[in-house]
Amino acid sequence: MAAIYQAVYRRASSLVCRLHSTYVRKMRYLNELKEDDSLCRQAQTSGTFYLFHNLSPFLQKAGKKYLVPQLSAAGALEKSVIESELKGSFTDLRKALFVVDGKDSPLLASAQSLLRWHDSHQYCSKTGQPTHKNVAGSKRVCHASGITYYPQMSPVVITLVSDGSRCLLARQPSFPQGMYTALSGFCDVGENVEETVQREVAEEVGLEVESLRYSASQHWPFPSSCLMIACHALVRAQQAEISMNSLELEEARWFGLEEIVEGLKRDHRSSKQEDGSFLPWFPPKQAIAHQLICEWVKQQTSQPA
């Protein structure tokens, strides 16, 4: 029995090592592409590319699905020519992220963020001279000052607040009608995640966080490249009266478990009623807010009665 276990263990360990080595080689190769212009040029000759126009990715519709074609480099073409020849259209990224496959969403988000960063960093902040990007587009350099600029992300906390039996969701005037989501806000300079969560919840809904726990993180391209840090926060049920900041939010309210479960079944189309009003619906599964809400539902349904 021991011999069988050792053999299986050795095979499993060997597989893990091979997988690990493959990942390490991939990461090191990608890093070489960022640093070695000649190697990057060579890779581009056999690489495939996503197409963008004015920060909007090109999509093709196939039945009810949307595909992101990966194309070989073909030089500059007119927008109308591309859409006609390839039978697709350039689509606003806010829509594209929620209609393409999950594997394409993060790549489109990263690509647009990088394009946006290059557009806003064409000049050195110290000398005012033009900056120049490397072949990979991973940095820009001011030759006058020697300063190298790298793409950055802004940290943002997104927090699902609960009083133990309900969760708090809110909406801003700019949201699609009927959509509610978790509270979010940028980290201020000098703050840690815990301090940001406590401040944002106090600012937006007038509640004091008793405890919090980290859930996950996600890159998000809006309003500019952001690192979304998702957390669950607990407030006391005895001190759960909302005092909403109307400068920040249009509405904020508590949702019970049943209402959350029903809302997860809807989207922006199915939420509209005959009288023109909208039932509550929540961000789709590609958004980390959706993950937070599903985690809360799972926690509620797993608790003993």
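Just the heavy atoms: all of them, side chains too, but no hydrogens, waters or symmetry mates, feed the values below. Just so you know, these numbers come straight off a predicted model, no measurement behind them.
Of all heavy-atom pairs spanning Tyr149 and Lys126, the tightest one is OH-N, 4.0 Å. Between Thr127 and Cys142 the shortest heavy-atom distance is OG1-SG, 3.3 Å. Contact detail for Val197 and Ala233: the closest heavy-atom pair is CG1-CB, 4.2 Å.
Applying the 6.0 Å contact sphere to CD of Glu210 captures more than 12 heavy atoms from other residues, nucleotides or ligands. The neighbour count for Gln60 CD, taken as heavy atoms of other residues, nucleotides or ligands under 6.0 Å away, is above 12. Within 6.0 Å of atom NZ in Lys79, more than 12 heavy atoms from other residues, nucleotides or ligands are found, so the atom counts as buried in its surroundings. Counting heavy atoms of neighbouring residues, nucleotides and ligands inside a 6.0 Å radius, atom CD of Gln122 exceeds 12 of them. Crowding of Gln273 atom CD: a count of heavy atoms from other residues, nucleotides or ligands under 6.0 Å exceeding 12. Annotation for Lys139: atom NZ counts as buried by contact number, over 12 foreign heavy atoms lying within 6.0 Å.
The ring pair (Phe, Tyr, Trp, His ring centres under 6.0 Å) test with Tyr180 singles out one residue from Phe175, Phe282, Phe255, and that residue is Phe255. Of the residues Leu183, Ile260, Thr181, the one that meets the side-chain contact (heavy atoms from CB on, under 4.5 Å) test with Leu169 is Ile260.
When only modelled atom types and interatomic distance are considered, Asp275 and Ser277 share a side-chain donor-acceptor pair under 3.5 Å. For the residue pair Gln291/Glu295, the side-chain donor-acceptor check at 3.5 Å is satisfied. Looking only at atom types and distance, the side chain of Ser162 has a donor-acceptor partner in the side chain of Trp296 under 3.5 Å away.
Look at Arg94 and Asp92 and you find no salt bridge, because none of the NZ, NE, NH1 or NH2 atoms lies under 4.0 Å from a carboxylate O. Residues Arg25 and Glu32 are not paired through a salt bridge, judged by the lack of any N-O separation under 4.0 Å between the basic side chain and the carboxylate.
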- Message: Does Glu251 form a salt bridge (charged side-chain N to carboxylate O under 4.0 Å, His left out) with Arg171? I'd like the steps, not just the answer.
- Response: CA-CA 5 Å; Glu251 186 179 359; Arg171 54 175 285 106; 5.1 Å; no
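Taken together through direct or relayed side-chain contacts under 4.5 Å among Ile, Leu, Val, Met, Phe, Trp and Tyr, Leu227 and Tyr214 form part of one hydrophobic cluster. In terms of hydrophobic clustering, with Ile, Leu, Val, Met, Phe, Trp and Tyr side chains grouped at heavy-atom distances under 4.5 Å, Tyr50 and Leu115 are assigned to a common cluster.
Judged by distance alone, the side chain of Trp254 and the main-chain N or O of Glu241 form no donor-acceptor pair under 3.5 Å. Judged by distance alone, with hydrogens and angles left aside, the side-chain atoms of Asp104 form no donor-acceptor pair with the main-chain N or O of Leu67 at under 3.5 Å.
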